[in-house]
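Take a look at the structure set out below.
Read the numbers this way: they start at 1 and go in the same order the structure lists the ligands and their atoms.
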Amino acid sequence: MRHSTDSTSTDSTSTDMTMDLAQSLKSHRILQKCLLTVVLLSGAFFLHIRLVYAVVVSVILNFALGDLTLKVLWKTLPRDLRGAVGLLGLRCRMWRFLRQKSTVAEDFRRVAQRHPLKRALLYEEQVWTFRDVDAYANQVAHYFAAGRNGFSAGDTVALFLMSRPEYVCLWLGLSRAGCVASLVNFNLRGEALVHSLIACQAKAIVVGLEFLEVVVEIRARLPFLPVLVVAERGRALPHSLPSGATGLDDKLIKLPVEPPVIATKTGPKDRLFYIYTSGTTGLPKAAVITNTRFFYLACGIKSMIRIFQDDVIYCTLPLYHTGGGILGVGQCLLFGSTVVIRKKFSASQFWLDCSKYNCTVAQYIGEMCRYLLVQKASTSDKAHKLRLMFGNGLKSEIWTKFQERFGVKQMGEFYGATEGNASVTNTDNTIGAVGFLSRILPSVYPVMLIRLDSATGEPLRDSKGMAIRCKPGEPGELVGRIKSTGIHTFDGYSNKDANSKKITRDVFRKGDLAFLSGDILVMDEYGYMFFRDRTGDTFRWRGENVSTAQVEAAISQIVGLEAVVVFGVEVPACEGKAGMVCLTGNVAAFDLNKLNAEMKHSLPSYARPLFLRFLTQVDQTGTFKLIKSRLKEEAFDPRKTSADALFYFDAQNDDYRPLTLDVFNQIACGSIRY
Ligand SMILES: *[C@@H]1O[C@H](CO)[C@@H](O)[C@H](O)[C@H]1NC(C)=O
Ligand SMILES: *[C@@H]1O[C@H](CO)[C@@H](O)[C@H](O)[C@H]1NC(C)=O
Ligand SMILES: *[C@@H]1O[C@H](CO)[C@@H](O)[C@H](O)[C@H]1NC(C)=O
């Protein structure tokens, strides 16, 4: 079903609209109640039914409807029913998974035995059948099994290689051996990489030949960490590897392809791997993904937007994040779909690949859709069989344009945090919505929007200390209930301290716990939810969450003692927010080229600020929070930043250049692109 609201409405206009709606609704409701009563009473009169029955029925109906209008009921009932079916399917599968005390690796083995010769993973010209994946995973399991090569059950092994089928087999095999993989973002360098390896207490790192140098560079910091090197299938490792590095490929080949017998059995609650998220402060944090959580996430998206076993899914998202590594690959491992892995997203190859591999489903992030749209129109645009794309961050202003140009019937936008406990899905292609909550029975699904104190960013409380549910049109933070038993548990981060900031109390009922998503959403009268903003100290750029504290720390180290403030700013026609840094100090004495060069060393490309501002006056009176919000507000607009020197990153020349009013206008109208 296509929800036919004004499709051109962007985020802000649609919320203005909902605001107006909320006000006019009240009068509507009174009108509706009167009407309902009149209809029932006159019906009773003509049908010769006792008046008193009619009165009772009308009172009950009016009461049951509460503040819902019949129109809302009518429009959302089919959607809610379909949602309920999806949720029920999820519950059943989940229940079975838990009852069988299964794990992802065991479920995969069952799938692989059902159709060993079906194509599981496709990559470039390689075809990996389910049997191939199983065999490679088993060889990995033999290598890491307790007592063989110095590993023991429960050890963490970091993976640091580009997306390819071996990546999946490696963590699957590690899990089979009783170890836990740590999926390190391969964009990390230097200190952030060291930190990630220490945070998960890695006992070894498996590195792709393509990144061997990166790891060798940080070896001095972790001299005892064994480095195991793998090459791509069909390529050989060089004869001499740097000291401390061991080739893994020749060792694996000699091992049996049947699963090893493992003494300690792993179960659904055991850790499967770690995924890094930027959390709210500081360096990347390892979020724990248990087998249950993996199953829940992959099965959730399957059940809600309906992905089937004969679907071929095109996955260009990195495998170290939830999107590619769980939601995409999970469809293959748990449910037998075929997944096409691509090393890196390429806008020019996207549709060609989709038709080459006969894909029926593809994954996206909003940025990707925009890149695809700016490509020249071509005959390949519609020469594919995609019926569904799923992902997040698709803006409403390009949604329709995208679907019309490429002929994709459904965009399955969803919202969900890797470590979090609140997810929603757009199941009916409603333009711009990240998902919905039932208006009829909101309490069925333990997620809601709560009001925040605009000054502190903390949840507002009523007189009894309870959080306050937002009405339609009121922006609020998305929260999800945490149940300590069953499937609604919060696995949280591997590091215990990281948890507390994301949890709050007394939300759904007294004494309960809820997960704070850190995102502001707004709901319309039908319960569709629209993304507004992120709270806290991260911003999203190029599909990655960037922690301002991490960037601040890295830049402070480069520039010495100067005060450094980092935040995200909106750039016209770009998804997410670009990084901007404000520094105190003298521009004349500052070497921008050196800063640029050193940032390349310590920060991944998406975290490097695009805008620089040198503060001549530092206002010492306000709180830090106020100063930051003023700087954010002024952003990189030269008309607002008084005499401060402003710079922007010129990607073509790879340096920082003065940001004049002229440049500002070019950025605003999109002729300087990011
Ligand atoms: C795609 O489908 C066509 C026709 O159905 C078939 O001939 C072709 O082999 C398929 N390609 C792949 C990679 O499966
Ligand atoms: C970034 O954070 C948002 C909200 O917490 C989450 O939905 C998303 O999956 C995260 N993305 C990455 C790449 O960590
Ligand atoms: C909370 O997390 C658990 C898994 O850790 C999940 O099963 C549950 O459904 C989540 N709650 C919501 C509302 O998504």
Side-chain angles (χ1 to χ4, degrees), residues 107-137 161-170 172 231-235 298 301-302 305-319 323-365 368-369 371-372 375-391 402-412:
D107 261 29
F108 170 72
R109 191 150 170 84
R110 273 194 283 272
V111 172
Q113 279 167 345
R114 219 176 301 143
H115 40 59
L117 298 182
K118 185 178 172 179
R119 299 173 313 161
L121 300 173
L122 308 180
Y123 172 78
E124 295 177 355
E125 301 310 320
Q126 302 175 14
V127 176
W128 291 62
T129 62
F130 278 85
R131 178 183 290 162
D132 295 338
V133 174
D134 188 47
Y136 192 102
L161 60 157
M162 293 201 92
S163 300
R164 51 175 179 259
E166 287 91 338
Y167 194 93
V168 179
C169 302
L170 278 163
L172 202 59
E232 255 183 71
R233 182 151 102 173
R235 305 241 170 93
I301 199 81
K302 174 191 169 74
I305 60 172
R306 295 198 278 175
I307 301 171
F308 305 102
Q309 188 176 339
D310 32 340
D311 274 324
V312 180
I313 299 154
Y314 186 52
C315 171
T316 57
L317 304 181
L319 298 182
I326 302 180
L327 304 182
V329 163
Q331 306 307 324
C332 160
L333 300 183
L334 298 172
F335 309 112
S337 310
T338 302
V339 172
V340 181
I341 296 175
R342 200 188 149 91
K343 196 183 294 176
K344 223 175 159 197
F345 164 73
S346 151
S348 60
Q349 294 301 303
F350 193 88
W351 303 110
L352 294 174
D353 274 354
C354 284
S355 80
K356 171 176 162 192
Y357 297 109
N358 292 339
C359 297
T360 52
V361 177
Q363 290 185 267
Y364 69 83
I365 53 172
M368 266 168 56
C369 298
Y371 293 142
L372 289 171
Q375 296 287 305
K376 273 210 298 288
S378 126
T379 50
S380 62
D381 285 0
K382 278 188 176 154
H384 59 79
K385 300 178 185 154
L386 287 191
R387 71 179 159 84
L388 163 72
M389 288 180 70
F390 70 98
F402 186 87
Q403 283 192 302
E404 274 166 10
R405 170 159 168 197
F406 299 113
V408 180
K409 279 207 204 69
Q410 188 189 351
M411 303 303 286

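Checked against a 6.0 Å centroid threshold, the rings of Tyr123 and Trp128 do not count as neighbours.
Considering only non-hydrogen protein atoms, atom 1 (C) of ligand 1 sits nearest to Asn358 ND2, 1.4 Å. Of the protein's heavy atoms, Lys356 O, 3.3 Å lies nearest to atom 13 (C) of ligand 1. Of the protein's heavy atoms, Lys385 NZ, 4.1 Å lies nearest to atom 5 (O) of ligand 1.
Ionic pairing of Arg110 and Asp107 is present here: one or more N-O contacts between side-chain nitrogen and carboxylate oxygen are shorter than 4.0 angstrom. A salt bridge does not link Arg233 with Glu125: every distance from a Lys NZ or Arg NE/NH1/NH2 to an Asp or Glu carboxylate oxygen is 4.0 Å or more.
In the vicinity of Arg119, heavy-atom distances shorter than 4.0 Å reach the ligand 1 atoms 12 (C), 13 (C), 14 (O).
Taking the side chain as every heavy atom from C-beta outward, Leu170 and Leu161 approach each other to under 4.5 Å.
Aromatic ring orientation, Phe406 versus Trp351: parallel (interplanar angle below 30°, classes split at 30° and 60°).
Within a 4.0 Å radius of atom 7 (O) of ligand 1, the protein contributes no non-hydrogen atoms.
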